[in-house]
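Here the structure is laid out as C-alpha cells; the discussion comes afterwards.
Values below: all heavy atoms of this structure, side chains included; hydrogens, waters and symmetry mates excluded.
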Amino acid sequence: MTPSPLSPSRRGLLRTSTAAAVAGLATAGAAGAASAAPSAPSGKDGIVRNRLRFREDGTFTVVQFNDTQDGPRTDRRTIQLQEAVLDDVQPDFALINGDVINGSPTSALEAKQAINNVVRPMEDRGIPWALTFGNHDEDSTPVTGLDESAYIDFVRQYPHNLNTPGAAVTGTGNQVLTIRPRRDRGEAFALWLLDSGRYAPEQIAGQDFEGYPDWDWLRPDQVQWYLSTSAALERRNRGLVPGLVFQHIALWEHRFAWFASVDARTEADHARAVQKHSIVGERNEDECPGPFNSGMFAAMLQRGDVKGLFVGHDHINTYVADYYGIQLGYAPGTGFGTYGLGGAEDHRLRGARVFRLDESVEGIYAGTELRHAADYGIDLTAGTQPGEPAEFPGGVS
C-alpha cells in the first residue's frame, strides 16, 4: 500500500496530552496442552524456564495484542476482539505488548481495573500470558501512585501470568521465556520481552530534543543483557536457541526496511524495498522510534538467534519486512478506545498478530499472520463503546 503518513498533529496531540503528567518521571530517568501447571515464575537473571512447552505435535502458537490502551471502562469491542482471537487461534501464550492502559485512571483501583479488563480474556481461558510496557502505561502514575513495578506485583497475582521483575537492567520486566521441546529437556525457543521505555528526558547535556523524536529507546545495558543471556542459552543448550523479540517502540531499522534506505523515502524506494525485503502489510503513519539508535538490531544480527522483532506503538502500521534475515514487524492496535485510521475507517485495522512455531521446521519459526476485528464480524462503527469494569478474579486485588 502506498504510505499515507498520519498527520503529525494527531501523534503530537497524543504526545502533548500526557507530557505534563509524566514530566517528573521523564526527567528522573486451550493452551494448557502446551504449558506447565501454573506456578509463580522466579525469573532469575531475567530467564523464565519450565513454564512453556511445545505441544505433542511439536507446535506452539503465540498471539500478540498491542495498544489495548484504555481506562477502567475499556471499549467492549476490545474485549470481544481479544476473546474472538483467543477462541479462534487457541494460542499457547499471549502477550499484550505495551500501552496496556492509558492515562485516564484517577485512582489505583481504576488502573487495576483497566489492566484486569484486558488480561481476563487470557486468564479466564487458562492461557499463559504476559505484558510488556509502553510509553502510556505510567501516564496516570502521578495520580494513582502505581508505577510499572507496582503493575508487575499486581499482575503476578494471576495464576497464568508469567511476568517477573526481570533482569537488573534499565526498565521493568526485561525477561526471556524459554519454551521446552515436546519431549526432550532443554530449551527449544525463546520469547524475549523488553521494556523499550516511555519518553526521552527533557534534555541531555543541556540540550533538548527539539527537532528529534522524543520517545524512548533501549539502553546499552538492556542490549548487553540480551547479548550475554543469548550466549548463556547457547552454552546451556549447545547451540543457538532461536527466538522472537517483543518490545513496544519500533527500531529505526523498521523505517529503513520500509524504504530500503536510511535517507531516501520515496515511493520508488518503497517499491524497491517491497521486493528486497519481502514487505507485506500497511504503513499509515511514520514510525516513532526514539532519538538514538539503540544498536539492538546489530546485536541480534551478530548473535544470529533472533528470527524477528515485533512492536506496536504506531497503531495503524501492520507491516512485516525481512530485513537482512530478521523479520521486523508490527502488530496492529487492538484497542478500540484509542486512535485509529480516522473517519469511517477508524477501526478497520484493529487486530492482533499470530506467530506459528513448529519443531519440524528449520529454525522452528514457521511464520506469522494477522487477525482483524472484521474477520469476526465485530462492530467497526466509528467512536467508542465503553464497557463496565470486569470483576477481579479470586485472589487478585
> Which is it for L86 and M122 under the side chain to side chain contact (heavy atoms under 4.5 Å, CB included) test, yes or no, and what are the steps along the way?
Replying inline: CA-CA 8 Å; L86 296 174; M122 287 83 76; 4.0 Å; yes
> Sequence neighbours excluded, which residues qualify as salt bridge (charged side-chain N to carboxylate O under 4.0 Å, His left out) partners of R180?
Replying inline: none
>> Can you give me the closest heavy-atom contact between G281 and W258, atom names plus distance?
In response: O-CH2, 3.9 Å
> Does the S140 side chain pair with the main chain of S104, one donor and one acceptor, at a distance under 3.5 Å?
Replying inline: no
> Taking only residues two or more places apart in sequence, or in another chain, which ones meet D99 in a salt bridge (charged side-chain N to carboxylate O under 4.0 Å, His left out)?
Replying inline: none
> Do the ring centers of F297 and Y323 come within less than 6.0 Å of each other?
Replying inline: yes
>> Students often mix this up, so state it plainly: with edges at 30° and 60°, are the rings of Y226 and W192 parallel, tilted or perpendicular?
In response: perpendicular
> Any side-chain donor-acceptor pair under 3.5 Å between D269 and T266?
Replying inline: yes
> Going by atom types only, do Y330 and D314 share a side-chain donor-acceptor pair under 3.5 Å?
Replying inline: yes
What pairs of donor and acceptor atoms, side-chain ones from residues 166-173 against any protein atom, are under 3.5 angstrom apart with sequence neighbours left out?
residue : atom : partner : partner atom : Å
T170    : OG1  : D221    : OD1          : 3.0
T170    : OG1  : D221    : OD2          : 3.1
T172    : OG1  : E148    : OE1          : 3.0

> Would you find a donor on one side and an acceptor on the other, under 3.5 Å apart, between the side chain of E187 and the backbone of F189?
Replying inline: no
> Does a side-chain heavy-atom distance below 4.5 Å link H136 with I101?
Replying inline: no
> Under a 4.5 Å cut-off applied to non-hydrogen side-chain atoms, are F93 and T61 in contact?
Replying inline: no
>> Between D195 and Q222, do the side chains contain a donor N or O and an acceptor N or O under 3.5 Å apart?
In response: no
>> Working note: M300 + D305, criterion side chain to side chain contact (heavy atoms under 4.5 Å, CB included); need CA distance, chi angles, decisive distance, verdict.
In response: CA-CA 7 Å; M300 296 187 299; D305 56 347; 5.5 Å; no
>> Test your reading of the model: is there a side-chain donor-acceptor pair from D75 to the backbone of R77, 3.5 Å cut-off?
In response: yes
> What are the two closest non-hydrogen atoms of G395 and Q157, and how far apart are they?
Replying inline: O-OE1, 3.4 Å
> Is any side-chain heavy atom of R73 closer than 4.5 Å to a side-chain heavy atom of D70?
Replying inline: no
> Distance from N237 atom CG to T178 atom OG1, nearest 0.5 Å?
Replying inline: 8.0 Å
>> Measuring from atom CG of N284 to atom OH of Y319, what distance do you get when rounded to the nearest 0.5 angstrom?
In response: 11.0 Å
> Taking it one step at a time, do D214 and Y199 satisfy side chain to side chain contact (heavy atoms under 4.5 Å, CB included)?
Replying inline: CA-CA 6 Å; D214 55 359; Y199 307 108; 5.6 Å; no
> Are V118 and Y376 grouped together when hydrophobic residues (ILVMFWY) are joined by side-chain heavy atoms under 4.5 angstrom apart?
Replying inline: yes
> Residues two or more places apart in sequence or in another chain: which of them pass side chain to side chain donor-acceptor pair (under 3.5 Å) with R303?
Replying inline: S230, E234
>> Strictly distance-based, threshold 3.5 Å: is any side-chain N or O of R353 a donor or acceptor partner for the main-chain N or O of G329?
In response: no
> Are V176 and L227 connected, step by step, through hydrophobic side chains (Ile, Leu, Val, Met, Phe, Trp, Tyr) whose heavy atoms are closer than 4.5 Å?
Replying inline: yes
> Would you say V119 and F392 are hydrophobically clustered, going by side-chain heavy atoms of ILVMFWY under 4.5 Å?
Replying inline: yes
> For G71 and N102, which heavy atoms make the closest approach, and how far apart are they?
Replying inline: N-OD1, 3.6 Å
> Does the side chain of D67 come under 3.5 Å of the side chain of H313 through a donor N or O and an acceptor N or O?
Replying inline: no
> D358 and T59: side-chain donor and acceptor closer than 3.5 Å?
Replying inline: no
>> Donor-acceptor check, side chain of R53 to backbone of P181, threshold 3.5 angstrom: yes or no?
In response: yes
>> If we ignore hydrogens and angles and just use 3.5 Å, is the side chain of N97 paired with the main-chain N or O of N66 as donor and acceptor?
In response: no
> Given the rule that I, L, V, M, F, W and Y join up when any side-chain heavy atoms are under 4.5 Å apart, are I204 and L218 in one cluster?
Replying inline: no
> Which atom names give the shortest non-hydrogen contact between L349 and L341, and what distance separates them?
Replying inline: CG-CD1, 3.9 Å
> Under 6.0 Å between the ring centres of F310 and F355?
Replying inline: yes
>> Using the ring pair (Phe, Tyr, Trp, His ring centres under 6.0 Å) criterion, which residues pair with F292? Sequence neighbours excluded.
In response: F209, W217
> What is the distance from atom CZ of R238 to atom CG of L233, rounded to the nearest 0.5 Å?
Replying inline: 15.0 Å
> Can any side-chain N or O of N135 pair as donor or acceptor with the backbone N or O of R198 at less than 3.5 Å?
Replying inline: no
> With sequence neighbours left out, what residues match R350 under salt bridge (charged side-chain N to carboxylate O under 4.0 Å, His left out)?
Replying inline: none
> With the 4.5 Å side-chain cut-off for hydrophobic clustering, are Y212 and F256 part of the same group?
Replying inline: no
>> Under 4.5 Å side-chain heavy-atom separation, chaining through any Ile, Leu, Val, Met, Phe, Trp or Tyr, what else clusters with V361? Say none if it is isolated.
In response: none
> Taking only residues at least two apart or on different chains, which pairs with a member in residues 366-382 satisfy salt bridge (Lys or Arg N to Asp or Glu O under 4.0 Å)?
Replying inline: D88-R371, R356-E369, E369-R371
>> Please give the remaining members of the hydrophobic cluster of L370, linking ILVMFWY side chains under 4.5 Å, ordered by chain and number.
In response: none
>> When you compare the side chains of E285 and Y339, does any donor N or O come within less than 3.5 Å of an acceptor on the partner?
In response: yes
> Between E282 and T318, is any side-chain donor less than 3.5 angstrom from a side-chain acceptor?
Replying inline: no
>> Quick one, V85 and F65 - any side-chain contact, counting heavy atoms below 4.5 Å?
In response: yes
> Among all residues two or more places apart in sequence or in another chain, which pass the ring pair (Phe, Tyr, Trp, His ring centres under 6.0 Å) test with F336?
Replying inline: H347
> About how many Å separate CZ of R272 and OG of S261, when rounded to the nearest 0.5 Å?
Replying inline: 6.5 Å
> Who pairs with W129 by ring pair (Phe, Tyr, Trp, His ring centres under 6.0 Å), at least two apart in sequence or on another chain?
Replying inline: Y158
> Would you say the side chains of Q327 and Y365 form a donor-acceptor pair under 3.5 Å?
Replying inline: yes
> So, does N163 use its side chain to make a donor-acceptor pair with the main chain of L131 at under 3.5 Å?
Replying inline: yes
>> Quick check for you: to the nearest 0.5 Å, what is the distance between H248 atom NE2 and C288 atom SG?
In response: 9.5 Å
> Looking at residues at least two apart in the chain, or sitting in another chain, which of them share a ring pair (Phe, Tyr, Trp, His ring centres under 6.0 Å) with H372?
Replying inline: none
>> Tell me the closest heavy-atom pair linking G308 and I326, and the distance in Å.
In response: CA-CG2, 3.9 Å
> Judged by atom type as modelled, is there a donor-acceptor pair below 3.5 Å linking the side chain of E123 to the main-chain atoms of H160?
Replying inline: yes
> If you look at every heavy atom in L191 and V62, which pair is closest and at what distance?
Replying inline: CD1-CG2, 4.1 Å
>> Could you measure the distance from the CZ atom of R120 to the CD1 atom of I115? Nearest 0.5 Å is fine.
In response: 14.0 Å
>> For the backbone of H277 and the side chain of Y324, can you confirm whether one donor and one acceptor N or O come within less than 3.5 Å of each other?
In response: no
